[in-house]
There are 2 protein chains.
Amino acid sequence: MSMLRGAWTPNVIWYLSGGPRRFGELRHDIPRISARVLSARLKELERRGIVTRTVMATSPPSVEYTLTGFGHELVPAINSIARVGMKLKNRLG
Amino acid sequence: MSMLRGAWTPNVIWYLSGGPRRFGELRHDIPRISARVLSARLKELERRGIVTRTVMATSPPSVEYTLTGFGHELVPAINSIARVGMKLKNRLG
DNA sequence: CGGGATCCGCGTGGATACTG
DNA sequence: CAGTATCCACGCGGATCCCG
């Protein structure tokens with residue numbers, strides 16, 4: 001459970017499960033997350049070995065975040081949570 | 001996700017998925033949870049319609065907590081989280 | 001037995017402003 | 001673009017003491 005700590009963490013992992021993604025893309029994917037929190041979550045995920053951070057030497061600079069193999073193992077659990085969430089949403093209309 | 005909020009919440013739901021359970025039994029099931037926190041989680045779960053609280057008119061008094069139908073829908077998600085946790089534990093231990 | 005009352009610390013998150 | 005800095009608020013959790 002500690003892996004999923006943080007309200008936005010499952011969301012971030014879920015979007016990364018679709019492939020590598022840049023900081024700004026994630027901000028766009030999850031509109032209501034603040035840069036500060038996204039940054040904090042990504043750092044934490046990197047520390048735990050769930051994502052890897054790759055700096056591309058371009059101009060303007062871009063940074064890519066990728067799920068590790070371990071990170072991918074968390075995806076099914078997150079999906080089953082999301083599935084319940086969807087069910088609820090549909091039920092409420 | 002808000003349904004699973006609280007570090008102990010998934011644990012509580014998981015133990016309740018095995019059938020109705022009393023306050024003291026849950027404390028015994030989850031040794032490191034404090035009475036205050038268990039009480040808070042159960043109240044929250046009751047408020048969300050995940051568990052029902054039934055007071056038995058016995059002496060000494062006993063209170064039974066039961067998962068609602070809706071509560072049962074959360075169990076698969078919790079199980080899939082637990083499964084990942086087990087996998088990790090085995091890998092380290 | 002099944003809690004409630006109180007106190008206190010920490011992590012998380014939001015908003016805003018700023019930077020290499 | 002991809003963050004960092006600062007400030008503030010709230011929820012969660014631990015510990016202890018108390019109650020019907």
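Below, chain A is the first sequence line, B the second, and so on; all start at residue 1.
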- Nearest heavy-atom approach of Pro10(A) to Gly6(A) is CD-O, 3.5 Å
- Task: Assign each of Glu64(A) and Arg5(A) to its nearest nucleotide of DNA chain D by heavy atoms, then name whichever residue's nucleotide is nearer the 5' end.
- Result: Glu64(A)
- Could you encode protein contacts along nucleotides 14-20 of chain C as a string, one character per nucleotide from 5' to 3', using B for base contact, S for sugar-phosphate-only contact and - for no contact, with a heavy-atom cut-off of under 4.0 Å? BB-----
- Task: Measure the spacing between CD1 of Ile78(B) and OG of Ser80(A) and express it to the nearest 0.5 Å.
- Result: 9.5 Å
- Message: If I take atom CZ in residue Phe23(B) and atom C1' in nucleotide dG2(C), what distance separates them, rounded to the nearest angstrom?
- Response: 6 Å
- Query: Atom CG of Leu4(A) and atom P of dG11(C): how far apart are they, to the nearest Å?
  - Reply: 18 Å
- Task: Could you name each residue pair satisfying side-chain hydrogen bond (donor to acceptor under 3.5 Å, both in side chains) that touches residues 55-79 of chain A, not counting sequence neighbours?
- Result: Trp14(A)-Asn79(A), Arg53(A)-Tyr65(A), Glu73(A)-Arg91(B)
- Task: Please tell me if the side chains of Thr9(B) and Met3(B) come closer than 4.5 Å, counting only heavy atoms from C-beta onward.
- Result: no
- Which whole-number value in Å describes the distance from Tyr65(A) OH to dA2(D) P? 8 Å
- Note on the structure: In whole angstroms, the gap separating C1' of dT12(C) from CE of Met3(A) amounts to 18 Å
- Task: Using salt bridge (charged side-chain N to carboxylate O under 4.0 Å, His left out) as the criterion, list what pairs up with Arg47(B), not counting sequence neighbours.
- Result: Glu44(B)
- Item | Heavy atoms of other groups near Arg5(A) CZ, more than 12 under 6.0 Å | no
- Query: Taking only N and O in the side chain of Arg27(A), is any of them less than 4.0 Å away from OP1 or OP2 of dC1(D)?
  - Reply: no
- Any side-chain heavy atom of Ile81(A) within less than 4.5 Å of one from Arg83(A)? no
- Using a cut-off of strictly less than 4.0 Å between a heavy atom of the residue and any atom of DNA chain C, enumerate the qualifying residues of residues 42-54 of chain A by number. none
- Atom-pair distance (CD on Glu25(B); C1' on dG3(C)), nearest Å: 16 Å
- Query: What heavy-atom pair brings Ile13(A) and Gly71(A) nearest, and what distance separates the two atoms?
  - Reply: CG2-O, 4.3 Å
- Query: Between Ser39(A) and dT4(D), does any side-chain N or O lie under 4.0 Å from OP1 or OP2?
  - Reply: yes
- Hey, is the side chain of Ser59(A) poking within less than 4.0 Å of OP1 or OP2 on dC1(D), counting only N and O atoms? no
- Query: Any side-chain heavy-atom pair from Val37(A) and Arg41(A) closer than 4.5 angstrom?
  - Reply: yes
- Query: Where is the tightest heavy-atom contact between Leu16(A) and Leu67(A), given as atom of each residue plus distance?
  - Reply: CB-CG, 3.8 Å
- Message: For dA2(D) and Arg22(A) - does any side-chain N or O of the residue sit under 4.0 Å from the phosphate oxygens OP1/OP2?
- Response: yes
Can you give each donor-acceptor pair under 3.5 Å made by side-chain atoms of residues 22-33 of chain A, sequence neighbours left out, with the distance rounded to 0.1 Å?
unit_1	atom_1	unit_2	atom_2	d
Glu25(A)	OE1	Arg22(A)	N	2.8
Asp29(A)	OD1	Arg21(A)	NH2	3.3
Asp29(A)	OD2	Arg21(A)	NE	2.7

- Query: Axis-to-axis angle across the helix from dC1(C)-dG20(D) to dG20(C)-dC1(D), five pairs an end, to 10 degrees?
  - Reply: 50°
- Item | Spacing between Leu38(A) atom CG and dT12(C) atom C1', to the nearest angstrom | 14 Å
